[in-house]
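Just below is one structure, and these are the notes that go with it.
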Amino acid sequence: MTTGVVSPVLVGRVAEGASIRAVYERARSRQAATVLISGEAGIGKSRLVAETVRHLPDSPLTLVGGCLERGSQGAPFVPFVAILRDLVRQLGRDQVTPLLPPGGSALGDWLPDLGPAPERYSRTRLLEEVLTLVSRVARTRPVVVVVEDLHWADESTGELFAYLTRNMTDAAVLLIGTLRTGEHPHRQLFAELDRRPEMVHIALDPLDERQVSELLAAIDGQPPDPARGRRVHQRSGGNPMFVEALSDVDEAPAEDLRGLLLARITDLGDASRDLLSAMAVAGTEVSDELLLDVCGLPERQTHEALRDLVELGHAVPRDERYSIRHDLIREVVYTSLLPGERRLLHRRCAAALTDREPDSAALAEHWMAAGQVDAALPVAWRAACHAARLHARDEELQLLELILANWERVVDPAGLVGAGRAEVLRRAASAAFATGRSNRGVALSTAALDELDPTAGPERRATLLGLRGQLRQRLDGTGTQDLEHALTLLPPGTSTDVRSRLLSTLAIVGIGAHRHGESRRHAIEALRLADQLDDDGLRAPALLVLAMLVLHDVFSGTDGDTELSRRRFAESRRLAESVGDDHTFLTSFQWESLMLGYSGRYEEAVELARTGQREADRLGHARSRGSMLAMARAANLRTLGRWDEAVEVVQNALADGPPPLYAAALRLVTADIAYCRGEADQFELLLRQLVEFARHAHSADEVKAEIAILRISWAAEQGDHDLADRVLGEHLAPARAAWLPPEVMRLALVGARAQRARRVAAPRNRQVAAAVTARFAEITALVEARYAATPELAAHRLTIEAIAADQLPAWDRAAEAWRHLHNPYQTAVVLTDAAATALASNNRPGALSRLREAGALAARLRATPLLTRMDDLKRRGRLVDNDDGPTVNDFGLTRRELDVLQVLARGRSNTQIADELFISGNTVATHVARILTKLGVTTRTEAAARAHESGLL
C-alpha cells in the first residue's frame, strides 16, 4: 500500500549512492560485486537503487525482479523468473537463445519461449545456467541484477541469490538485493553472506531533520521549512514513506498510512498486541516492570511478548526501557483502541506511577486521560514546578496550559493546585517568554491582568505589565508602552525591587531601539536602587546595559573602553548566574558577542556566541535567547567567510520556531549569503519574507535597516537604479538620526556602489550625472558625521573613499583594511574594484595579480556573481590567452574586434568603448575601421545591424 504522495527527488542518500557506484566500478573491472541494502519498511531501499542505477555510467543493462510478500509456496525463483523475462524483453529472444546450452535449457521451465527444457536436470545446473547466461550477456555490456524484498524470498530464490554472490566472478555484473530489517527466514543466510569480501552491506538509516525538511520541500515544491521538518521528523522517525504520508495531512495520521501500519501488527499474538497497546498508552519509553503492572500478564509471558515485539521491529530497547519504534505506529495503535480500553489502561498507568513518579508530568497526563481531573491538577502543578527547577520551560508551559484548560472542570481548582488562576496565568506567561512563544505569552499575560482582583496591589499589576511589555517587545517591538505604564504605578520610593527591574528592562529595550541616553539614565537609576537593596539579582541587568553602552561610547567617539565593557559583561553574567536570572545571563553572551564582532574580533565573537547557545539549550531558552545567540554567531561566521557553517546555524535555529523578530534577524544572514552567491530564487523568497515582516512590525529598527541595505544592493544588481536610489534616499535621514554606525556605514557603502552603477548605466545622461553627484555628497556627509572608531568602520570609510577617488592606492588601502579583518568577501570585492582601476590605466600585471587573489577568495566562498564579474574584467581587459586570435565566424573578426563590436552595437562612442574595454581611443578607432571593412559596411549603424542579422552578438 502506498501513501499516494511520492517525492520527485531522492533526498539524503548521497553517501549510500556513492557506495553503490563504487561497487559498480568494481564490477566493471570484472571483480565479484554484490550490494545488500537493508532497512525498515518505507526507508527508501528501492528508491535508492532505482535512482542510483539509472545514472550509472556505460548504460548498464538493468534487470529487476521482486519477491512476493510472505514468499510464494509452490512458485520458486519468482524474482529470477521476472528477471529472465525482462532480459528477453530487452534483448529479444533471438539474442538470448544462442547464449543458452544447446539441446535445451533448464530455463525453459521458467520461460517456455526459450524452448523445451530437458526432461531431467539437477538443481545445480539450473543455478549454473543463470550464472552463465548473465555472465555471457555482460561480455558486451555491464549488467545490473536487482532482487527486491529478499526478506520475502522463497528458499530457492535465497539459494540462487547466494550462489550468484559467491560465483559471479570475472563478469561485469553488479548484483543488488534489498532486505527489510527484522525477522525473516533468511537472516542467517544473509548474515553469512555479509561476511564475504565481495558483499557490501548498506544499512539505511532514517533521515535526519534537515533531510526531512528537504524531502517535504521537494514534495511541495516549496523552500524547506525547518520547523515543519522538525515536527514531521518527530512523528515519522525519519522514515521517508511516513514523511510522504504526512506531507499532505496536518496532525492526524493519513488513513492509508493508518492501514499500512495496522497491517504490520495484525498477525501479532494476543499477548504481544496487549503489550503493544499498553506501550502505546504508557508513552514513549516504559520499563518492563511498569508494563507488568499495566498489562496484568504473567512475567514470563510479558517478557516473551516483549522479545517478539523487539525482534519483529515493532519495539526497541533503550537503556532497559522499551518504546514503540515510530510515533506513528504508537498513534495508530493508540487510536485503534476503544475509548473504554484507553481509559482503563491510562488508569492502570496512573496507579502504577503514583508511587514511582508522584510529581511527574506523565502521571498528570494519565490521570487526565483516565478522566480523573481532580487527581490530575495537583500533580500537574507539582510537575510544572519541578520542570521550572530543571529549566524545562516548554514542559512547564504545557503543564500549566493543561491546568488552565481544565480549570473549570473541578469544583475548587485553586484549592487543589494551591494557587489562584491569575498566578497560574502569570507563571504560564513567564514560561512562554522563556520559550520564545511571544504570541501565546501576550495572551496569557493579558488574561492574567484581566483576572487580577481590582483590590490587588499595584505591584502585581506592574509586574504583569512588565512581563507583557517584554513579550510584546520580542513580538513586534511595541512593549515600551506597557513598561512605562508599569513604572508609573510604582512612584519613586515604593516597591524598590520591582521598580529597579522595570528600569533595567526599559534600559534593555532602549538599547535595541538605539535610545542610548534614555537607556543610560534608566540603567544608572536601576543600579542605584540595586545597591540600595544590596541585591545582586537587580545589579546584573543594570550592569548588562552599562556594559553594552560602552560600545555606544566607542561609536560616538567618546572615551569607550572595550576592556571595561568586557569586565562589566563578565560581572553581570556572574551575578545573573548566581541568582538564576537566565534572561540576563544569556543576553550577556549575545551582547558581548555583538560587541566583539563590531570591534573586529570575529573569532572570539563566534566562540562566545557558541558558548551562549549551549547555555541557552541547557536552560531551556533555545527558542528565545538561543535564537539570537545563533544570529550573533551566524553573523560573525558570515563575516569570516564561513558561509556554509553560518547557514547551518541559522537553519538549526529556525527549526526551533523562534519569535518573528528573531526569525527575521536570522533570515537576514542567509539572505545576504544567498545574494552574494547569486542564489536568486532563495534570495528573492527571503527578501519577500523580510519585507512582509517589516511592513507589519511597529519597531524592529535594526532589522528594517538591514532589509533596506539588502533591497538597495539587489535593486542595483538587477539594474533598477531608480529603485535603488529611492530606497537609499528614504533611509539616509533615519540613518543619520537613529542608526548605529555599523549600519550607517553599510548603508553608505552599498549606496555609493549603487550610485556608481547608476552613473555607469547612463554615461551620457547629464541629469543622472547631477543626481549622482548630489547623492554622493549626501553619502559623504553621512560618513563624515561618523567616527571610524573600530577597524570595521575604518574599512568601510576607506572603501567609500576609494569609490569616490577611484585611484589604485586608495583601493589598495581599503583592501588591506578588509584583509586585516579576515573578511574574505569584502577583500575580494575591493580587490576586484582595484583590478578594474588598474586596467583603466593599462596596468594589466597589477590587475591580474589582484584578480588572482580575489578569485581564490571568491571561489572558496562560491560567490558566483563576483566570479562572473572577474571573468568579464579578464575578458574585456585582455587578461586571457589569445584574445586577438581568430574566432569562428564568417567575417574573420578577432576576439578583440568582437568585443568592440558588442559595445559598439549598444550605441557607445569610441571614448565609451575605450573606457569599458580598458584600451585607448586610437586603438578603438583602428578596431572600428577593421570591423567596418570586414563586415562590408560603411557606418556604425550598418555594422550593428549586420552583427545582429549574422548572430555575432
Side-chain angles (χ1 to χ4, degrees), residues 384-385 387-401 403-404 419 422-452 460-483 485-486 498 501-509 511-512 537-538 540-541 544 576 579-591 612-613 615-631 653 656-665 699-700:
C385 295
R389 286 194 300 274
L390 297 177
H391 306 287
R393 307 311 296 272
D394 280 298
E395 290 76 6
E396 179 193 10
L397 179 58
Q398 291 169 9
L399 287 159
L400 294 171
E401 294 268 33
I403 294 170
L404 291 167
E423 176 61 13
V424 178
L425 286 164
R426 184 196 68 78
R427 290 275 299 272
S430 178
F433 177 76
T435 59
R437 302 182 189 278
S438 301
N439 269 316
R440 184 58 184 150
V442 169
L444 289 164
S445 55
T446 300
L449 284 164
D450 294 340
E451 190 76 18
L452 277 181
R460 290 188 68 191
R461 185 168 295 277
T463 300
L464 276 169
L465 282 169
L467 176 58
R468 190 173 71 176
Q470 288 178 283
L471 285 158
R472 282 180 167 169
Q473 191 65 29
R474 280 187 178 178
L475 188 62
D476 55 17
T478 61
T480 304
Q481 184 177 354
D482 272 342
L483 290 164
H485 181 200
V498 178
R501 195 168 298 283
L502 286 170
L503 285 165
S504 290
T505 302
L506 269 171
I508 290 171
V509 169
I511 290 286
L538 298 176
L544 174 69
V579 299
D581 181 355
D582 297 345
H583 181 261
T584 300
F585 175 69
L586 296 172
T587 303
S588 72
F589 286 102
Q590 178 196 340
W591 283 7
Q613 274 192 276
E615 293 297 318
D617 288 341
R618 178 178 66 85
L619 296 171
H621 293 259
R623 185 182 297 107
S624 52
R625 192 53 51 183
S627 64
M628 290 308 287
L629 283 157
M631 186 280 296
D656 286 325
L661 177 61
Y662 296 0
S699 183

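Below, each value reflects all heavy atoms present in this structure, side chains not excepted, and no hydrogens, waters or symmetry copies.
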*Picking from T587, D582, D581, what satisfies side-chain hydrogen bond (donor to acceptor under 3.5 Å, both in side chains) with T584?*
D581
Heavy atoms only: give me the nearest [X]-[Y] pair and the separation to one decimal.
X: A432; Y: R440; value: CB-C, 4.5 Å
X: L465; Y: A486; value: CB-CB, 3.7 Å
X: L397; Y: A428; value: CD1-O, 3.4 Å
X: G466; Y: L502; value: CA-CD2, 3.7 Å
X: A422; Y: R460; value: CB-NH2, 4.0 Å
X: Q613; Y: G626; value: CG-O, 3.9 Å

With distance as the sole test, does [X] use its side chain to make a donor-acceptor pair with the main-chain N or O of [Y] at under 3.5 Å?
X: T505; Y: R501; result: yes
X: S588; Y: F585; result: yes
X: Q473; Y: G479; result: yes
X: S624; Y: A434; result: yes

Interatomic spacing from [atom1] in [X] to [atom2] in [Y] - rounded to 0.5 Å:
X: S430; Y: L464; atom1: OG; atom2: CG; answer: 10.0 Å
X: S445; Y: D482; atom1: OG; atom2: CG; answer: 7.5 Å
X: L586; Y: E615; atom1: CG; atom2: CD; answer: 7.5 Å

Is the shortest side-chain heavy-atom distance between [X] and [Y] below 4.5 Å?
X: P658; Y: M628; value: no
X: L475; Y: P659; value: no
X: Q481; Y: R472; value: no

_Show, in sequence, the C-alpha distance, side-chain angles and deciding distance for L444 and F433, and conclude whether the side-chain contact (heavy atoms from CB on, under 4.5 Å) test is met._
CA-CA 10 Å; L444 289 164; F433 177 76; over 6 Å; no
*Going by the side chain to side chain contact (heavy atoms under 4.5 Å, CB included) test, name the single residue among I403, L452, L404 that passes it with L425.*
L404
*Could I get the full list of ring pair (Phe, Tyr, Trp, His ring centres under 6.0 Å) partners for Y662, not counting sequence neighbours?*
none
